[in-house]
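All remarks here apply to the structure that follows.
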Amino acid sequence: MGLLTGEALMPVAVAVAVFLLLVDLMHRRTRWAARYPPGPVPVPVLGNLLQLDFQAMPYSLGRLRRRFGDVFSLQMAWTPVVVLNGLQAVREALVLRGEDTSDRPPMSVYQHLGFGPRAQGVITAPYGHAWREQRRFSVSTLRNFGVGKKSLEQWVTEEAACLCAAFAAQAGRPFSPDVLLNKAVGNVIASLTHGRRFEYDDPVFLKLLLVEAARTEETSSLRQVLNAFPVLLRIPGLASKVLSGPKEFMVLIHEMVAEHRETRDAAQPPRDLTDAFLDEVEKAKGNPESSFTEENLLLVVADLFFAGLVTTSTTLVWALLLMLLHPDVQRRVQEEIDEVIGQVRPPEMEDQARMPFTTAVVHEVQRFGDVVPLGVPHMTSRDTEVQGFLIPKGTTLIINLSSLLKDEAVWEQPFRFHPEHFLDAQGRFVKPEAFMPFSAGRRLCLGEPLARMELFLFFTCLLQRFSFSVPAGQPQPSDHGVYGLLVSPPPYQLCAVPR
Ligand code: HEM
């Protein structure tokens with residue numbers, strides 16, 4: 001007890017403070033290197049954490065960009081971070097210096113989810129053999145899906161019909177479209193991973209989506225703090241509390257994999273990504289280098305749900321909101337649908353080439369909605385140079401995609417919904433280079449072709465069948481996004497009236 005008296009405590013406190021300051025100085029010394037990007041002065045231990053508004057990060061970073069330029073530095077606790085803004089800097093970093101900038105910062109939280117050298121999933125996998133193997137596998141499975149089986153386009157078209165039926169069942173009454181859109185998009189990923197679609201009221205499906213939603217919410221706030229201070233993960237029970245959603249999700253995926261193994265007919269081609277992966281696990285038996293392990297299958301499937309579900313469904317929620325707010329645009333899209341597709345047959349991807357206005361609207365929804373404003377953090381795997389600044393190995397890179405999608409030098413009306421951004425004077429579809437909602441370079445979103453297909457087919461199917469309006473007596477919803485892990489539109493209701 002004597003140890004805790006004031007007199008004895010003083011030297012201990014001083015020693016701890018000096019130790020912390022020394023560690024802090026050690027972490028900051030990169031800032032003093034020649035040509036290190038400028039940035040706000042960090043305070044000891046917390047760095048710049050208190051100078052950032054985590055509820056409105058793109059806005060916070062936009063202010064710092066105006067002060068320090070396109071390439072600036074931050075200190076997130078002890079993690080050195082460089083923020084890249086504008087087309088030149090982002091393209092130079094991700095494309096020209098892609099070999100140096102495609103790593104991911106370690107996510108301490110995920111160590112508790114079964115991550116290991118041969119099980120790293122795709123999104124957070126370090127830039128190396130396991131990532132390359134899994135990225136190649138996911139890309140080729142997405143591309144080949146449908147050889148001798150139903151094509152992915154067919155899945156999406158059938159799902160769009162189910163989605164329209166669910167909208168019709170609302171019988172013109174006001175409803176929030178987000179839950180149904182989430183189920184439709186969830187079913188497209190399930191067709192890829194589970195080889196089947198679920199009824200919208202199937203309890204297993206509802207649980208899958210619920211747990212996935214919880215996972216997205218949980219990751220937004222606490223994850224950042226825990227990644228900044230991994231030592232907190234040693235607090236008994238905290239890791240399992242934060243990861244309860246992901247863990248439940250893994251249990252559901254585990255059950256799905258077990259079912260696949262039981263029902264797999266080796267004489268038949270793989271039914272879906274899970275079968276194809278299990279075949280690779282068989283082939284890789286005895287190869288200690290391979291990332292085709294059962295633990296990794298769970299992580300890859302979880303990554304596809306995580307990356308592909310909320311991003312796409314939130315974009316569709318934006319699309320319908322913007323149609324409510326811009327009835328003139330909605331009418332022009334419907335006119336184009338009537339002219340090119342008509343009212344009878346369902347839309348196909350081939351129609352897109354003859355529908356410049358609708359294509360421009362879908363792109364403008366993505367630009368305006370700006371759903372993933374800060375992309376997914378990268379990390380330098382060696383010293384590199386961007387726009388004349390030196391960025392040391394191990395620096396986290398934040399790619400400010402929002403700075404491209406809302407760049408005042410590129411877009412005529414960056415902060416307004418204006419489909420003409422994607423049309424030339426003759427009304428032909430054009431895509432400015434700064435349109436980069438899927439990022440660029442080696443880590444470019446691998447689901448882009450699927451997302452493009454879902455956005456076009458779901459959107460045109462819905463507008464072919466329904467006209468959308470603000471329910472009578474309800475105020476006009478706002479188009480100001482709500483910032484979380486993603487940018488979502490504010491909650492709203494609509495009426496879907498059959499055309
Ligand atoms: C509108 C929908 C979508 C948007 C806006 C979007 C956006 C992004 C962005 C910004 C990244 C980070 C790229 C980087 O690190 O530089 C990313 C990565 C990724 N996305 Fe998407 N995404 C969408 C849909 C999808 C879909 C449908 C899938 C698959 C089913 C998917 C799978 C992935 C994966 C696996 C990664 C990680 C790639 C890697 O680390 O190599 N995404 N996405």
Side-chain angles (χ1 to χ4, degrees), residues 58 84 90-91 93-95 97-98 101-105 107 120-128 130-143 145 152 155-156 159 181-182 184-194 212 216 272-273 291 296 299-319 362-363 365-379 396-405 435-459 481 485-488:
L84 300 165
V90 169
R91 208 177 30 201
L94 297 190
V95 183
R97 311 259 181 238
T101 60
S102 299
D103 208 355
R104 295 280 193 218
M107 298 277 184
Q120 300 168 324
V122 189
I123 310 177
T124 48
Y127 184 56
W131 165 77
R132 218 166 269 118
E133 203 167 54
Q134 288 314 319
R135 182 162 173 117
R136 207 176 298 135
F137 172 79
S138 302
V139 169
S140 73
T141 310
L142 271 165
R143 196 182 297 134
F145 195 73
L152 214 42
W155 280 106
V156 180
E159 194 56 46
L181 291 168
N182 210 39
V185 175
N187 257 337
V188 173
I189 303 179
S191 73
L192 185 69
T193 55
H194 293 52
E212 176 56 34
T216 311
D272 50 31
L273 179 137
S291 63
N296 210 16
L299 294 171
V300 169
V301 170
D303 273 1
L304 293 176
F305 268 94
F306 184 59
L309 180 55
V310 198
T311 44
T312 315
S313 68
T314 304
T315 308
L316 288 166
V317 181
W318 269 115
V362 174
H363 281 72
V365 166
Q366 277 203 280
R367 188 200 68 78
F368 182 85
D370 193 8
V371 166
V372 197
L374 304 178
V376 177
H378 285 225
M379 189 175 79
T396 295
L397 301 176
I398 293 183
I399 317 295
N400 189 352
L401 298 175
S402 193
S403 73
L404 305 175
L405 297 180
F435 179 76
M436 242 186 232
F438 297 101
S439 190
R442 289 164 168 73
R443 287 281 189 166
L444 164 79
C445 171
L446 64 80
E448 176 174 355
L450 174 59
R452 297 242 67 86
M453 191 192 286
E454 291 183 79
L455 294 179
F456 180 75
L457 293 178
F458 282 137
F459 182 68
L485 187 65
L486 302 177
V487 177
S488 326

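Ligands are counted one by one from 1 in listed order, and the atoms in each one are counted from 1 as well.
With contacts defined as side-chain heavy-atom distances shorter than 4.5 Å, the pair V317/S488 does not qualify.
For ligand 1, the atoms sitting less than 4.0 Å from at least one non-hydrogen atom of S439 are 13 (C), 14 (C), 16 (O), numbered in the order shown with element in parentheses.
With a 6.0 Å cutoff to the six-membered ring centre and a 45° limit on the axis angle, R132 counts as a cation-pi contact of Y127.
Looking only at distances, a side-chain donor or acceptor of N296 sits under 3.5 Å from a matching main-chain atom of G121. Judged by distance alone, the side chain of D103 and the main-chain N or O of P126 form no donor-acceptor pair under 3.5 Å. A distance-only check finds no donor-acceptor pair linking the side chain of W318 to the backbone of F368 [under 3.5 Å]. A donor-acceptor pair is defined here as one N or O able to donate and one able to accept, closer than 3.5 Å; such a pair exists between the side chain of R104 and the backbone of P377.
Polar contact check, Q366 against ligand 1: no nitrogen or oxygen pair lies under 3.5 Å apart. An N or O contact shorter than 3.5 Å is missing between E454 and ligand 1 by distance. Inclusion of T315 in the set of residues having an N or O under 3.5 Å from an N or O of ligand 1 is not warranted. Every N/O-N/O distance between R442 and ligand 1 stays at or above 3.5 Å. The distance criterion of under 3.5 Å between nitrogen or oxygen atoms is met by W131 with respect to ligand 1. Among the atoms of R104, some N or O lies under 3.5 angstrom from an N or O of ligand 1.
The closest non-hydrogen atom to atom 25 (C) of ligand 1, taken over P449, S138, A307, comes from A307. Among A440, G447, S102, the residue whose heavy atom lies closest to atom 31 (C) of ligand 1 is G447.
Residue-ligand proximity: V122 is placed with a non-hydrogen atom under 4.0 Å from ligand 1. Contact between L401 and ligand 1 is present, with at least one heavy atom of the residue lying under 4.0 Å from the ligand. In this structure, I399 has no heavy atom closer than 4.0 Å to ligand 1.
Residues L273 and V301 share a closest heavy-atom pair of CD2-CG2, 4.1 Å. Taking both residues in full, the closest heavy atoms of V122 and Q134 are given as CG2-CB, 4.1 Å, listed atom of the first, atom of the second, then distance.
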